[in-house]
Amino acid sequence: MCSNITKPFTVFVEGNIGSGKTTFLEHFRQFEDITLLTEPVEEWRDLKGYNLLDLMYKDTAKWAMAFQSYVALTMLDMHRRPCPTPVKLMERSLFSARYCFVEHMMRSGTIHPAEFAVLDEWFRFIQHQIPIEADLIVYLKATPSRVYERIKKRARSEEQCVPLSYIEELHTLHEDWLINRIHGECPAPVLVLDADLDLSQITEEYKKSEHQILRKAVDVVMR
Ligand SMILES: Cc1cc2cn([C@H]3C[C@H](O)[C@@H](CO)O3)c(=O)nc2[nH]1
């Protein structure tokens, strides 16, 4: 068993629902120097038998707080997980949890300001006490109508009643966070990829990040 790398080159893969994050991560499964941490959706769908994702979509006002609290715990677990390889790719992060999803719930009034304050305090405490930073953010930038089609086609049961307006609002929150930088400095440099491309063309687009990511793997190993 090789020892863990104390500070692997860490990449957050960020983007709207249906922007192709899982497909992007799967592209890197071919490299043994990279650890892939995909979003723990299955944990959100089955916590001691409770499907928190479904509960959240069915009655958002009632379940958003519990759902986002558990999402934050599972993301923190991913941030903290020991990594045996020089590079670690994570699907989303505590940052998109806070600046995209929790932000949306607060702005839309889905959660009470007091609930938002609790989630925000957790995020601030974690951000200052625990190293959860990244070295690169890959932003899969997609047009809302494009990803909306994919969500319909993918037909994940819990997402069937997600309206286009929600996707548009999430897109704006990703742009505000990663491009317009309204929350201040980003935790890492942002590499924007065109996630509107369909599967046949997208591999070329992914290759743009491949060199940057793999070259860093060499740097980490040579450290
Ligand atoms: C960090 C984070 C990921 C995440 C995903 N989701 C939802 C969007 C999708 O329908 C599903 C899988 O990403 O979970 C959410 O509501 N809140 C989240 N917060």
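Values reported hereafter were calculated over all heavy atoms of this structure, with side chains retained and with hydrogens, waters and symmetry mates removed. Each ligand, and each atom within it, is numbered from 1 in the order the structure gives.
Using a 3.5 Å distance cut-off with no hydrogens or angles, the side chains of Ser96 and Glu14 do pair a donor with an acceptor. No side-chain donor-acceptor contact under 3.5 Å links Ser145 and Thr143.
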Could you pull out the N/O contacts under 3.5 angstrom between ligand 1 and the surrounding protein atoms?
unit_1: ligand 1; atom_1: 10 (O); unit_2: Tyr57; atom_2: OH; d: 2.7
unit_1: ligand 1; atom_1: 10 (O); unit_2: Glu159; atom_2: OE2; d: 2.6
unit_1: ligand 1; atom_1: 13 (O); unit_2: Glu39; atom_2: OE1; d: 2.7
unit_1: ligand 1; atom_1: 13 (O); unit_2: Glu39; atom_2: OE2; d: 3.4
unit_1: ligand 1; atom_1: 13 (O); unit_2: Arg92; atom_2: NH1; d: 3.1
unit_1: ligand 1; atom_1: 17 (N); unit_2: Gln68; atom_2: NE2; d: 3.1

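Relative ring orientation between Tyr166 and His104 is described as perpendicular, the plane-to-plane angle rising above 60° on a 0-90° scale split at 30° and 60°.
Nearest heavy atoms, Thr110 versus Thr60: CG2-CG2, 3.0 Å.
Going from atom OG of Ser69 over to atom CD of Glu115 covers 8.5 Å, rounded to the nearest 0.5 Å.
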Output side-chain donor-acceptor pairs under 3.5 Å for residues 122-130, partner residues at least two apart or in another chain, one line each.
unit_1: Arg124; atom_1: NE; unit_2: Asp120; atom_2: OD2; d: 2.7
unit_1: Arg124; atom_1: NH2; unit_2: Asp120; atom_2: OD2; d: 3.4
unit_1: His128; atom_1: ND1; unit_2: Arg124; atom_2: O; d: 2.9

